[in-house]
Amino acid sequence: MMSGFDIEKALIPVWDTDYVYSESVMFVRDSLGKAAAPLLYDIDEIISVKSATELTEYEYGRDFVFEGNKITLTDNSRIFSFTDDELYPENPVEGHSFPMEKGNVLFYEETFFHKRQISITYKAKNKSALKLKPRSSASLLPESHKKLSEGHLSLCIYGDSISVGANATKFTGIEPFCPPYSELFTEGLRIRYSADISYHNPSKGGMNSEWGLDNAEKLVKDFNPDLCVLAFGANDSGTPAEKVIDNLSKTVSAIRSFSSECEFIVISECLPNKLLSSEKCRFYGNQPSFEKPIVAMERQGVAVCNITDFQRKLLTRKRFIDLTGNNVNHPNDFFHRLHAQYLLSVFNED
């Protein structure tokens, strides 16, 4: 277990337990000054409501009440809440906003949003309505499974800023120091299989699928991985889907040219803030069209982790602001944990 962070609890899948740990929410006041935030599931019992740093705990009745799957702030709550105009200001905030069709989207890296989010642990009910459990792909990765069972695996995570770890609190240096999905997944494999995992992560922020292809030999070859998690596409908003898939397929072939037995998990990545889809600023563009052809890449030796579909299901209950670390394209701690939970489920045998 990593010091100061309960990784075993963090990796309990939200679809596999009655207790949901440290689910994140952000409060935004409506025109009447009321602020409510949705959880994934209806609440049976609240265990704790804390700041996302977990340094401050809040009280039922004094700070919040709940009904169904919603937490509502009291009039005198100590919990932070934005106004809609603060999150989406009419005028740009220098260095901290991106233009949408009308107005702007507030943007901060580092710890700004994390310090304003809330972490809720609760006993859930009525979980069957939200079908989050991914299917297993263990049969597609027999060599990786064999090596894990034998106690050793060389693992490469190769992608963009999400794979670097952007906005996970270990990355930004603030409590609770949650590792990014890449490290959580690696540590989860170590725990599950009592295996020695050699870990290599040459990911780089801001890079797209063409960069991934062009740099595969230089950045991956010397490591000679048994398993490579390939995660590009989030920065390909203006790239046609067929080109992205061609880049990803050629990257698989390039890595196999020097690591012939390497198996792959290709991630269909989470989508950016949909409000940033205008000609003024197109973080969100062609990415939704990548999902189906990435899923079609799945075959023996290549599994797919469809975070795009997983995010879509999450957003039927929650909002983008509840899952983001920068309000544009990076996951927060909770969503990094969900990425890792989904990746680990690839190796489930049921």
Would you say the side-chain atoms of [X] and [Y] include a donor-acceptor pair closer than 3.5 Å?
X	Y	value
S161	H330	yes
N247	K250	no
E54	S22	yes
S136	N348	no
Y58	S51	no
S203	N201	yes
N332	S24	yes

Is any NZ, NE, NH1 or NH2 atom of the basic residue among [X] and [Y] found under 4.0 Å from an Asp or Glu carboxylate oxygen of the other?
X	Y	result
E291	R312	yes
E101	K280	no
K221	E217	yes
D42	K125	no
R135	E298	yes
E187	R190	yes
D196	K147	no
R337	D333	no

Are the side chain of [X] and the backbone of [Y] linked by a donor-acceptor contact shorter than 3.5 Å?
X	Y	result
D160	G206	no
S97	V93	yes
D226	S154	yes
D322	R319	yes
E23	T121	no
S237	Y284	no
E269	G233	yes
R29	K34	no
N326	F107	no
Q117	M26	no

Check against ring-ring contact (aromatic ring centres under 6.0 Å, His included), F335 and Y181 | CA-CA 8 Å; F335 203 9; Y181 90 81; over 10 Å; no

Mind checking the [atom1]-[atom2] spacing from [X] to [Y]? Nearest 0.5 Å is all I need.
X	Y	atom1	atom2	result
M297	S268	CE	OG	10.5 Å
D44	F66	CG	CZ	8.5 Å
C270	L323	SG	CG	9.0 Å

Considering all heavy atoms of both residues, which atom of [X] and which atom of [Y] are nearest to each other, and what is their separation?
X	Y	value
F113	L106	CZ-O, 3.8 Å
C156	P202	SG-CD, 3.8 Å
C262	R256	O-NE, 2.9 Å
R299	V252	NH2-CG1, 4.1 Å
P225	I255	CG-CG2, 4.5 Å
R78	D63	NH2-OD2, 2.6 Å

Does F112 have R116 sitting over its ring (NZ/CZ under 6.0 Å from centre, angle to axis within 45°)?
-> yes

Hydrophobic clustering (ILVMFWY, side-chain heavy atoms < 4.5 Å, transitive) - are [Y] and [X] grouped together?
X	Y	result
L153	V220	no
V14	L184	yes
I71	L315	yes

For the side-chain contact (heavy atoms from CB on, under 4.5 Å) test, which of N306, V266, L230 pairs with I294?
-> V266

Check N126, N69, D18, L130 against Y41 for a side-chain contact (heavy atoms from CB on, under 4.5 Å) and give me the one that passes.
->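 So the option named by the test is L130.
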
For [X], does the [atom1] atom have more than 12 heavy-atom neighbours from other residues, nucleotides or ligands under 6.0 Å away?
X	atom1	answer
E57	CD	yes
K313	NZ	yes
Q300	CD	yes

Geometric class of the F347/H145 ring pair [parallel <30°, tilted 30-60°, perpendicular >60°] |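 H145 and F347: parallel rings.
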
Is the Y158 ring parallel, tilted or perpendicular to the W211 ring (thresholds 30°, 60°)?
-> tilted

So L132 and L40, side-chain contact (heavy atoms from CB on, under 4.5 Å) or not? Walk me through it.
-> CA-CA 10 Å; L132 291 177; L40 280 176; 4.3 Å; yes

Do the ring centers of F5 and F177 come within less than 6.0 Å of each other?
->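 No: the rings miss the under 6.0 Å criterion.
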
